[in-house]
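Small disclaimer: the values here were computed from a predicted structure and weren't measured. Numbering starts at 1 and runs along the sequence shown. Order of listing sets the numbers, starting from 1, for every ligand and every atom in it.
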Amino acid sequence: MKNNDFSDIMLNRHSVRQFDPSVKISRDELQEMIKEATTAPSACNLQSWHFVIIDTPAAKDKLKQAAMKFNYPQIDTSSALIFIAGDTHSHEVYRDVWNKVYEAGKISKEKLDQILNTFLPLYEKASPEFLTLDATIDGAMVGMQLLLTARAHGYEANPWSGFDFKTVISAIGLDPKRFVPVMCVALGKPAAGADILKTDRYDTKTQTEILE
Ligand SMILES: Cc1cc2nc3c(=O)[nH]c(=O)nc-3n(C[C@H](O)[C@H](O)[C@H](O)COP(=O)(O)O)c2cc1C
């Protein structure tokens, strides 16, 4: 990582939408950033996320079929985009995740059985709405981590979901019966003179209640 200054990474993050198109990010580095981002927590550790790397003109054209036009500048100029989808079938491999932890001697057989017996039935019987919501939250968690990881690697990013939620999954070659759209993250170095909107936030006291 190029930048390990947490406050700089978090407090100075702003969405960048105009990138220097001559900057390339290798697929190895993209994969590294994805790996780092997946240290994010997820519901029951289901890790219900899935990534699509979009870094060629042909792939960008496919994404554009489902993107709102105001997001074309990020698509056209970014070094790469990482589309984050939620995986509503993630529980189907859930046993493997925990078996690995058990086989590595990190949890007891009792703990393994307890985890699988508690959480698996919940997901196997869950409604599509529940699975979609769960996968969407997981995807958002990993998306936020990806934004920060990008800065740690010396890049800037823009999360965006201005796309057609009904068609975007098919447009990027995923199975719409399994995957749900969460967000797309455009990555790169800002273009010289890029107009970076410095946004503000509400007074959080107006958004906070205290339950007594
Ligand atoms: C769920 C989500 C969807 C967003 N969709 C878009 C979008 O379609 N286009 C865009 O330019 N920015 C999009 N953004 C970026 C927001 O506009 C931006 O994060 C917000 O204005 C705050 O600015 P900042 O990122 O610079 O702090 C989205 C952000 C989030 C979290």
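Side-chain contact between L30 and I25: present, with at least one pair of heavy atoms (C-beta onward) separated by less than 4.5 Å. Here the side chains of L146 and E36 are not in contact, with every heavy-atom distance at 4.5 Å or above.
Comment: K189 does not engage E156 in a salt bridge, judged by the lack of any side-chain N to carboxylate O separation of less than 4.0 angstrom. Salt-bridge formation is not detected for the pair K60/D76: no Lys NZ or Arg NE/NH1/NH2 atom is positioned less than 4.0 Å from an Asp or Glu carboxylate oxygen.
With 3.5 Å as the limit, one finds no donor-acceptor pair spanning the side chains of D28 and Q31. Side-chain atoms of Y155 and E29 include a donor-acceptor pair closer than 3.5 Å.
Within 4.0 Å of ligand 1, protein heavy atoms come from R13, H14, S15, R17, F70, N71, Q74, N158, P159, W160, S161, G162, T199, R201.
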